[in-house]
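Index from 1, following the sequence.
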Amino acid sequence: MRIEIVAVGTELLLGQIADTNSAWLGEHLASAGVDSHFHQAVGDNQARIVLALRTALSRSDGVIVSGGLGPTQDDITRESIAEVMNVGLVRDESIIGRIVEMFQARQRAMPENNLRQADVPVGASIIEQTRGTAPGLICPLGNKVIYAVPGVPHEMREMFERGILPDLRRRMAELGEESVIKSRVVRTWGASESGLAEALDERVAELDRREAADGSTLTIAFLASGIEGIKVRLTARAQSEAAADAILADEEKRIRAIVNERLGDIVFGVDEESMEDAVAQLLVRRGLSLGLAESLTGGLIAARLVNVPGASVWMKGSVVAYDSAVKRRLLAVPPGPVVSAAAAEAMATGARAALGSDIGLGITGVAGPDEQDAEQPGTVYVGLVIRDAPPISLQLHLPGDRDRVRQYAAISALDLLRRSLLAQPS
Ligand code: ATP
């Protein structure tokens, strides 16, 4: 089943409002297993709305049109649909009754114009209004259909779920097409998009060739998400939610195995799981507490970590030691350059001692735009000490402006911690 979306409103074309209705509808159609190959936005002009509807119907099984159902003269979606259906409009008494009641309940006089909202193309049925004054419409055209809903986002959503989705499901069942589409996002840190794509090249090609016997489908897409790493989105279409979930679980396992073998431990979570969630889970599982010493990140790492509910169990605190003298006095960083591996390791050790934690994580570097201690902007050192083991450190060269360097530095430090925790016994 293919459904096209047409958003009506000159304000959309002028960029005065963003077309969030189409985005929402696109997402919800996809999860209902409905394909949507085109979205159109069109102004409040009958000839152009008619053209948009005819174009949509020529290449899809139906259309959802949002907006233009209001009471004013420029709300002409009803008239446009009637023209496409080649029928007239009739005034529906039951709708008039409800509009009158709504105005009486608000103790306001009803402008005559509002009666236009009771006009319905002959042959259409209505989706009753529960929130605003305009009802939605279900307009059959042979075996195709136009659904019309108000532009006001909360009215549109409620009507989609109550009136459109059940009708779409019924139509899909008649066609024997009932299906659901579900996605899962596998999140990685530390590989480039091209490196990841190369590792998964064969699997992607295999899926392209595959014709599942039961009609189910599975696709893989790569999404670069900047400072949050590279995401691999798996999308499955199947006959039921359980079947789609099973396909996704199986594929997630396969992807993790391939990536792990080719690129190492770069997967840190799925869907909404963040890097700090991954770190938090490992700290809980290993029974270890954490103390931080942050220079260029100025508390960013601590802020991310304390976002995780229950952080007080394992988070001791963070010393934001920006000034070199503070690093030496509070963290016992020895004389010498403060942007160095030795300083990062000393900060980790100093944080562990000062905060009484099992683990110390220290970070120092040059956020830019100017260089410091002859080090280029983007040069960052992360130091880590776990219990009484000797401290380790990592040198990074991070791209971007001051803000990006600080953000990249924070997630890189968290990732070093995550990998080191993975190597610890439970
Ligand atoms: P009503 O019956 O309440 O008058 P309507 O069907 O006439 O609704 P419009 O007048 O087109 O809808 O839009 C009403 C409001 O809904 C707009 O001012 C805008 O804020 C919002 N809106 C309309 N279309 C969209 C869209 N595609 N995406 C997001 N918001 C929208």
Is the backbone of [Y] close enough, under 3.5 Å, to the side chain of [X] for a donor and an acceptor to pair up by distance?
{"X": "D61", "Y": "R2", "result": "yes"}
{"X": "S22", "Y": "D19", "result": "no"}
{"X": "E345", "Y": "G383", "result": "no"}
{"X": "E4", "Y": "S60", "result": "no"}
{"X": "S192", "Y": "G195", "result": "yes"}
{"X": "R328", "Y": "P334", "result": "yes"}
{"X": "N21", "Y": "A7", "result": "no"}
{"X": "R162", "Y": "E128", "result": "yes"}
{"X": "R116", "Y": "T72", "result": "yes"}
{"X": "T10", "Y": "G43", "result": "no"}

Counting C-beta onward and ignoring hydrogens, is there a side-chain heavy-atom pair between [X] and [Y] closer than 4.5 Å?
{"X": "I359", "Y": "L417", "result": "yes"}
{"X": "L305", "Y": "L292", "result": "yes"}
{"X": "I220", "Y": "V232", "result": "yes"}
{"X": "L248", "Y": "K253", "result": "no"}
{"X": "D401", "Y": "P369", "result": "no"}
{"X": "M159", "Y": "Q129", "result": "yes"}
{"X": "L12", "Y": "I17", "result": "yes"}
{"X": "V50", "Y": "I81", "result": "no"}

**Prompt:** Does the pair R187 and E273 meet the rule for a salt bridge (charged side-chain N to carboxylate O under 4.0 Å, His left out), with working shown?
**Reply:** CA-CA 8 Å; R187 304 180 65 169; E273 264 177 287; over 6 Å; no
Would you say the side-chain atoms of [X] and [Y] include a donor-acceptor pair closer than 3.5 Å?
{"X": "S80", "Y": "Q46", "answer": "no"}
{"X": "K231", "Y": "T188", "answer": "no"}
{"X": "S318", "Y": "E294", "answer": "yes"}
{"X": "R286", "Y": "S426", "answer": "yes"}

**Message:** Can you see whether F222 has R233 sitting over its ring - NZ or CZ less than 6.0 Å from the centre and within 45° of the normal?
**Reply:**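 Checked: cation-pi criterion not met.
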I need the minimum non-hydrogen distance between [X] and [Y], along with the two atoms involved.
{"X": "V339", "Y": "G365", "result": "CG1-CA, 3.9 Å"}
{"X": "A244", "Y": "A238", "result": "N-CB, 3.6 Å"}
{"X": "R237", "Y": "I247", "result": "O-CD1, 4.4 Å"}
{"X": "G226", "Y": "R404", "result": "CA-NH2, 4.1 Å"}
{"X": "G9", "Y": "D44", "result": "CA-OD1, 3.5 Å"}
{"X": "A344", "Y": "V382", "result": "CB-C, 3.9 Å"}

Can we say [X] and [Y] salt-bridge, meaning some charged N sits less than 4.0 Å from an Asp/Glu carboxylate O?
{"X": "E178", "Y": "R169", "result": "no"}
{"X": "K327", "Y": "D323", "result": "no"}
{"X": "D388", "Y": "R352", "result": "yes"}
{"X": "R418", "Y": "D415", "result": "yes"}

**Request:** For the pair R203 and E251, evaluate salt bridge (charged side-chain N to carboxylate O under 4.0 Å, His left out) and give the outcome as yes or no after the intermediate values.
**Result:** CA-CA 10 Å; R203 181 60 187 156; E251 191 62 17; 2.7 Å; yes
Option from [options] for which side chain to side chain contact (heavy atoms under 4.5 Å, CB included) with [X] holds:
{"X": "V149", "options": "M156, R157, E158", "result": "M156"}
{"X": "E375", "options": "V366, V380, V338, T364", "result": "V366"}
{"X": "I181", "options": "T217, V34, T219, T235", "result": "T235"}

[X] atom [atom1], neighbour heavy-atom count above 12 within 6.0 Å:
{"X": "K144", "atom1": "NZ", "answer": "yes"}
{"X": "R402", "atom1": "CZ", "answer": "yes"}
{"X": "Q16", "atom1": "CD", "answer": "yes"}

**Request:** For the pair R170 and D167, evaluate salt bridge (charged side-chain N to carboxylate O under 4.0 Å, His left out) and give the outcome as yes or no after the intermediate values.
**Result:** CA-CA 5 Å; R170 186 182 56 72; D167 193 70; 2.9 Å; yes
**Message:** Applying side-chain contact (heavy atoms from CB on, under 4.5 Å) to Q117 and L69, what does each step give before you reach the verdict?
**Reply:** CA-CA 7 Å; Q117 294 183 300; L69 291 181; 5.6 Å; no
Nearest-0.5 Å distance that lies between atom [atom1] in [X] and atom [atom2] in [Y]:
{"X": "W24", "Y": "I5", "atom1": "CH2", "atom2": "CD1", "result": "10.0 Å"}
{"X": "S412", "Y": "I363", "atom1": "OG", "atom2": "CD1", "result": "7.0 Å"}
{"X": "R78", "Y": "I49", "atom1": "CZ", "atom2": "CD1", "result": "11.0 Å"}
{"X": "T20", "Y": "L25", "atom1": "OG1", "atom2": "CG", "result": "9.5 Å"}
{"X": "D250", "Y": "L234", "atom1": "CG", "atom2": "CG", "result": "10.5 Å"}
{"X": "I164", "Y": "I138", "atom1": "CD1", "atom2": "CD1", "result": "7.0 Å"}

**N114 and F103: CA distance, side-chain angles, deciding distance, side-chain contact (heavy atoms from CB on, under 4.5 Å) verdict** = CA-CA 10 Å; N114 270 82; F103 276 92; 3.6 Å; yes
**Request:** Applying salt bridge (charged side-chain N to carboxylate O under 4.0 Å, His left out), run through E206 and R210 and close with a yes or a no.
**Result:** CA-CA 6 Å; E206 204 175 305; R210 192 181 79 146; over 6 Å; no
**Prompt:** In terms of the angle between their ring planes, are W189 and Y408 parallel, tilted or perpendicular, with boundaries placed at 30° and 60°?
**Reply:**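 Rings of W189 and Y408: tilted, as their planes differ by 30° to 60°.
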**Request:** Take D35 and H37 through the side-chain contact (heavy atoms from CB on, under 4.5 Å) test and state the conclusion after the steps.
**Result:** CA-CA 6 Å; D35 290 322; H37 291 178; 3.7 Å; yes
**Asked** Where do R419 and I266 land on the side-chain contact (heavy atoms from CB on, under 4.5 Å) test, with the steps shown first?
**Response** CA-CA 9 Å; R419 286 162 182 265; I266 62 167; 3.5 Å; yes
